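Hydrogens, waters and symmetry mates are skipped; everything else that's a heavy atom, side chains included, is used. Throughout, residue positions are numbered sequentially from 1 according to the sequence presented. Please read these numbers as outputs of a predicted model, since none were measured by experiment.
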Amino acid sequence: SRRRHTRYGTVTGVQTCALPIYATSGLVYQPNGHYELVPDEPTREDAMIALGELSEILQDFPFALECHRSAGLAALLTILARPAIEGSCPAFLVEASTPGTGKTRMIDAFSVMTTGRESSKRSYSSDPEEMRKVITSAVLTGKPLLVLDNITRAFGDQAQIGRAHV
């Protein structure tokens, strides 16, 4: 990707720095520590090590099956990769048979890791017009993540989602 550099403000004034800003997405890469570079040609072993490290993020969440843990990783990776994906991305449903299992905590952890703040949460409405407004507002304001919390009814009206051009 093409990169450009920018100036950013500080409490004491303006400081020049060389933060890479990716021209296509406008994202800034500013690591808060030292990270090893990803090899130009990663091996399967490199991928398995990375998978193990990513999986540690989810170790405290009580998934019923290993495929559910994989779906959790897919959700996290989708949020991370979203700026590089042209077109639609899937929605992810997080459900549990009992309250207090950490569903919202997991989503907030994903949000903090990818955006630096907790996710915005909205209640799900069975009114298609209200949901159209919620989804359209999230899209127009550029929210990278929208959490519809405590869904107790059928979900996924294709007409309302399609109208929002998500």
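- If you take OG on Ser70 and CG on Leu51, they are separated by 7.5 Å, rounding to the nearest 0.5 Å.
- In this structure, Asp60 and Arg105 approach most closely via the heavy-atom pair O-NH2, 4.3 Å.
- Note on Phe92 and Leu80: separate hydrophobic clusters, where clusters join Ile, Leu, Val, Met, Phe, Trp and Tyr whose side-chain heavy atoms are under 4.5 Å apart, directly or indirectly.
- With values rounded to the nearest 0.5 angstrom, Met113 atom CE is found 4.5 Å from Ile57 atom CD1.
- Interatomic distance, CG of Leu73 versus NE2 of His68, reported as 13.5 Å (0.5 Å rounding).
- Atom-to-atom distance recorded for Thr78:OG1 and Phe110:CZ is 10.0 Å, nearest 0.5 angstrom.
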Check the pair Thr114, Arg82 against side-chain contact (heavy atoms from CB on, under 4.5 Å), reporting the backbone distance first and the verdict last.
CA-CA 10 Å; Thr114 57; Arg82 182 62 184 110; over 6 Å; no

Intermediate values then yes/no, side-chain contact (heavy atoms from CB on, under 4.5 Å), Leu146 and Val134:
CA-CA 9 Å; Leu146 172 65; Val134 167; 4.1 Å; yes

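- Using a 3.5 Å distance cut-off with no hydrogens or angles, the side chains of Asp108 and Ser111 do not pair a donor with an acceptor.
- To the nearest 0.5 Å, atom CG of residue Leu54 and atom CZ of residue Arg69 are 12.5 Å apart.
- A continuous path of hydrophobic side-chain contacts links Phe63 to Leu77 [ILVMFWY only; heavy atoms under 4.5 Å].
- At distances below 3.5 Å, not a single donor-acceptor pair connects side-chain atoms of Ser137 with backbone N or O atoms of Lys133.
- Residue Glu45 qualifies as open at atom CD: its count of foreign heavy atoms under 6.0 Å is 12 or below.
- The two residues Thr101 and Phe61 come nearest to each other via the heavy atoms O-CD2, 4.5 Å.
- Distance check, rounded to the nearest 0.5 Å: CD1 of Ile107 to CG of Leu76 gives 9.5 Å.
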Let's go through Val112 and Glu118 carefully: what are the C-alpha distance in whole Å and the side-chain angles of both, what is the deciding distance for side-chain contact (heavy atoms from CB on, under 4.5 Å) to 0.1 Å, and is it a yes or a no?
CA-CA 5 Å; Val112 168; Glu118 288 187 358; 4.2 Å; yes

